[in-house]
Amino acid sequence: MSTYVYGIAAAPGPPLPDGLTGVGDPPRPVRTVEREGLVALVSDAPPELRPKRRELLAHQRVLAEAGAHAQVLPLRFGSVSADDETAGGVLEERAEHFRERLAALEGKAEYNVKAAHHEEAVLHRVLADRPELRAATEANRAAGGGSHEEKLRLGEQVATAVQAQETADEALLRSVLEPYASEVSEGPRSTGWLANLSLLVGEESAAGLLDAVDELAELHPQLDLRVNGPLPPYSFVERTGATADPPVGHAAR
């Protein structure tokens with residue numbers, strides 16, 4: 001039977017509650033595999049593992065129980081090795097990396113910030129910032145909408161201005177929020193989001209980050225900001241290569 005891996009911690013590992021179980025139906029008991037001063041939190045993997053709500057919650061429960069007592073490097077749902085020996089071999093091969101990551105994540109959590117535009121507010125912003133575009137819009141309106149060609153030309157100009165505002169607002173978001181993080185990871189761009197940032201944030205900086213998000217939303221009403229966290233630092237199991245300096249003052253201003 002293959003081995004399901006929940007996360008990695010420094011040996012001897014966090015104390016696990018008696019009877020702690022993980023994924024599977026029935027749920028499989030959780031155990032540890034130790035190598036090179038590290039432990040992998042594992043259980044037997046069910047033969048057909050699906051990302052159902054019950055299984056996702058079981059994965060999260062194991063990490064929460066372990067993380068309450070020690071720093072744990074969380075692996076994403078569905079991490080499976082051929083067997084315990086293979087899981088131990090990975091600990092041996094990547095021991096230096098895992099130790100570095102555990103040290104880097106100590107006392108930190110992941111915060112995910114997504115940004116989109118409020119459509120009406122961003123149109124108001126680009127017209128306010130571009131007098132020539134505002135004048136063209138008013139002229140077309142006064143002319144009953146203008147000709148078909150004029151409408152197309154104005155629409156293209158507005159679309160270009162909105163795209164430029166998206167670029168500017170993404171840069172603004174990064175400049176304000178990244179100083180609160182020790183590492184930053186850019187997530188996949190889904191439709192409708194102009195930015196998707198995961199930030200590794202220490203306990204001492206978390207309140208400042210959330211205040212900065214609130215201030216950004218107040219000062220820039222065209223921004224629709226969504227924050228999710230604190231989360232297990234899934235995005236930082238591997239080195240991101242992106243780091244930020246400690247915050248100085250309140251950057252949102």
### Query
Charged N to carboxylate O below 4.0 Å: is that the case for Glu238 and Arg94?
yes

### Task
Kindly determine whether Val42 and Thr32 satisfy side chain to side chain contact (heavy atoms under 4.5 Å, CB included), including the steps that lead there.
CA-CA 6 Å; Val42 307; Thr32 60; over 6 Å; no

### Query
Looking only at heavy atoms, what is the nearest atom pair of Pro17 and Glu65, with distance?
CG-OE1, 3.4 Å

### Message
Do Leu177 and Leu216 have side chains that approach each other closer than 4.5 Å (heavy atoms only, starting at C-beta)?
### Response
yes

### Hydrophobic cluster (4.5 angstrom, side-chain heavy atoms) - remaining members for Leu20
Tyr4, Tyr6, Leu16, Val23, Val30, Leu41, Leu49, Leu56, Val62, Leu63, Val72, Phe77, Val80, Tyr234

### Heavy-atom side-chain proximity of Arg31 to Asp84 below 4.5 angstrom
yes

### Query
So which heavy atom on Ser205 is nearest to which on Tyr180, and how close?
CB-O, 3.6 Å

### Query
Does the side chain of Asp169 pick up a donor-acceptor pair with the side chain of His117 at under 3.5 Å?
yes

### Query
Where do Ala217 and Leu225 come nearest, in terms of heavy atoms and distance?
N-CD1, 3.9 Å

### Query
Residues in side chain to side chain contact (heavy atoms under 4.5 Å, CB included) with Asn196, at least two apart?
Asn112, Lys114, Pro188

### Message
Salt bridge check, Arg101 against Glu183: does any charged N sit closer than 4.0 Å to a carboxylate O?
### Response
yes

### Message
For the CG atom of Leu194 and the OG1 atom of Thr167, what is their distance to the nearest 0.5 Å?
### Response
9.0 Å

### Query
Should His118 and Gln222 count as side-chain neighbours, where that means a heavy-atom distance under 4.5 Å?
no

### Task
Report the C-alpha distance between Glu204 and Lys108 in whole Å, list the side-chain angles of each, state the deciding distance to 0.1 Å, and finish with yes or no for salt bridge (charged side-chain N to carboxylate O under 4.0 Å, His left out).
CA-CA 9 Å; Glu204 72 285 353; Lys108 299 180 179 69; over 6 Å; no

### Query
Can you tell me how far the CD atom of Gln165 sits from the CG atom of Leu123, to the nearest 0.5 Å?
10.5 Å

#### Entry: Least distance between heavy atoms, Val39 atom then Gly13 atom
CG2-CA, 3.6 Å

### Query
Could you give the distance from OG (Ser185) to CZ (Arg239), rounded to the nearest 0.5 Å?
14.5 Å

### Message
Could you report the tightest heavy-atom contact between Pro14 and Ala9, atom names first, then the distance?
### Response
CD-CB, 3.8 Å

### Query
Honestly curious: do Val113 and Val176 fall in one hydrophobic cluster under the side-chain, below-4.5 Å linking rule?
yes

### Query
Is there a side-chain contact between Arg76 and Ser235 (heavy atoms, below 4.5 Å)?
yes

### Task
Say whether, by atom type as modelled, one donor and one acceptor occur between the side chain of His59 and the main chain of Leu75 under 3.5 angstrom.
yes

### Close side-chain approach of Glu48 to Arg50, heavy-atom, < 4.5 Å
yes

### Message
I'd like to know if Leu172 and Val213 are part of one continuous hydrophobic network [Ile/Leu/Val/Met/Phe/Trp/Tyr, side-chain heavy atoms within less than 4.5 Å].
### Response
yes

### Query
Do the side chains of Leu173 and Trp193 join up, straight or via other hydrophobic residues, at under 4.5 Å, putting them in one cluster?
no

### Query
Is there side-chain contact between Pro74 and Pro233, with at least one heavy-atom pair below 4.5 Å?
yes

#### Entry: Under 3.5 Å donor-acceptor, Arg28 side chain and Pro26 backbone
yes

### Message
Which heavy atom of Glu36 sits nearest to which heavy atom of Ala95, and what is that distance?
### Response
CB-CB, 3.9 Å

### Query
Given the rule that I, L, V, M, F, W and Y join up when any side-chain heavy atoms are under 4.5 Å apart, are Val184 and Val227 in one cluster?
yes

## Note on the structure
Applying side-chain hydrogen bond (donor to acceptor under 3.5 Å, both in side chains) to Glu170 and not counting sequence neighbours gives Arg189

### Task
Go through Leu210 and Tyr111 one step at a time and tell me if the side chain to side chain contact (heavy atoms under 4.5 Å, CB included) criterion holds.
CA-CA 9 Å; Leu210 297 176; Tyr111 287 80; 4.3 Å; yes

### Task
State, yes or no, whether a side-chain contact exists between Leu105 and Leu200 at a heavy-atom distance under 4.5 Å.
yes

### Message
Under the criterion side chain to side chain contact (heavy atoms under 4.5 Å, CB included), I'd like the reasoning laid out for Arg53 against Glu55: C-alpha separation, chi angles, the key distance, then a yes or no.
### Response
CA-CA 5 Å; Arg53 183 174 184 273; Glu55 305 288 28; over 6 Å; no

### Query
How long is the gap from CZ on Arg35 to CD on Glu93, to the nearest 0.5 Å?
11.5 Å

### Task
Quick one: pull up CG in Leu197 and CD in Glu110 and give me the separation to the nearest 0.5 Å.
11.0 Å

### Message
Does Leu91 form a side chain to side chain contact (heavy atoms under 4.5 Å, CB included) with Phe98? I'd like the steps, not just the answer.
### Response
CA-CA 8 Å; Leu91 291 182; Phe98 291 143; 4.1 Å; yes

### Message
Any non-hydrogen side-chain atom of Glu119 less than 4.5 Å from a side-chain atom of Val162?
### Response
no

